[in-house]
Amino acid sequence: MSVRSQVSSLDFPRQQILISRCDRWQFQQRLQDLEIPVDCQEDGSVWVDVSHPVTILQIRSVLQQLTASRQELVDWLNQCWQTKD
């Protein structure tokens with residue numbers, strides 16, 4: 001059995017994401033583009049099915065893009081460019 005299949009066989013619960021109403025549509029669209037199941041309820045709650053650890057990283061990245069200030073994103077990008085291989 002490969003590591004990937006072991007990791008993907010883990011059971012991750014459905015998670016509620018707290019995000020402002022004005023960012024929900026973009027958040028939902030981006031997760032759908034990434035093929036991550038997302039459900040926006042009428043009460044404004046957003047639920048995401050987390051099936052793999054990589055999904056958690058993708059969700060974090062999308063949230064960061066929507067909620068971080070421009071300066072935070074610039075600093076993060078500069079830090080990525082300075083990271084050595």
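Atoms considered below: every heavy atom in the structure, side chains included; atoms not considered: hydrogens, waters and symmetry mates.
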Taking side chain to side chain donor-acceptor pair (under 3.5 Å) as the definition, give me every residue that meets it alongside [X], ordered by chain and number, with sequence neighbours left out.
{"X": "S45", "value": "D43, W47"}
{"X": "E42", "value": "none"}
{"X": "Q71", "value": "D75"}

Does the pair F27 and V48 meet the rule for a side-chain contact (heavy atoms from CB on, under 4.5 Å), with working shown? CA-CA 11 Å; F27 180 73; V48 179; 4.2 Å; yes
Restricting to pairs with a member in residues 46-56, which pass salt bridge (Lys or Arg N to Asp or Glu O under 4.0 Å), not counting sequence neighbours? R14-D49
Pairs meeting criterion salt bridge (Lys or Arg N to Asp or Glu O under 4.0 Å) with involvement of residues 24-35, two or more places apart: none
Determine whether a donor-acceptor pair (N or O, by modelled atom type, separation under 3.5 Å) exists between the side chain of Q26 and the backbone of D23. no
Which donor-acceptor pairs under 3.5 Å do the side chains of residues 53-61 make with protein atoms, sequence neighbours left out?
| residue | atom | partner | partner atom | Å |
| --- | --- | --- | --- | --- |
| T55 | OG1 | H52 | O | 3.3 |
| R60 | NH1 | Q64 | OE1 | 3.2 |
| S61 | OG | Q65 | NE2 | 3.4 |

Hey, are the side chains of V38 and V46 touching, using non-hydrogen atoms and a 4.5 Å cut-off? yes
With the side chain counted from C-beta on, respond yes when L34 and V62 share a heavy-atom pair under 4.5 Å apart, and no when they do not. yes
Looking at every heavy atom in both Q28 and C40, which two are closest together, and how far apart are they? OE1-SG, 3.5 Å
Nearest-0.5 Å distance, CG of residue L18 to OG1 of residue T67: 12.0 Å
Are L66 and V74 linked, directly or through intermediate hydrophobic residues, by side-chain heavy-atom contacts shorter than 4.5 Å (ILVMFWY only)? no
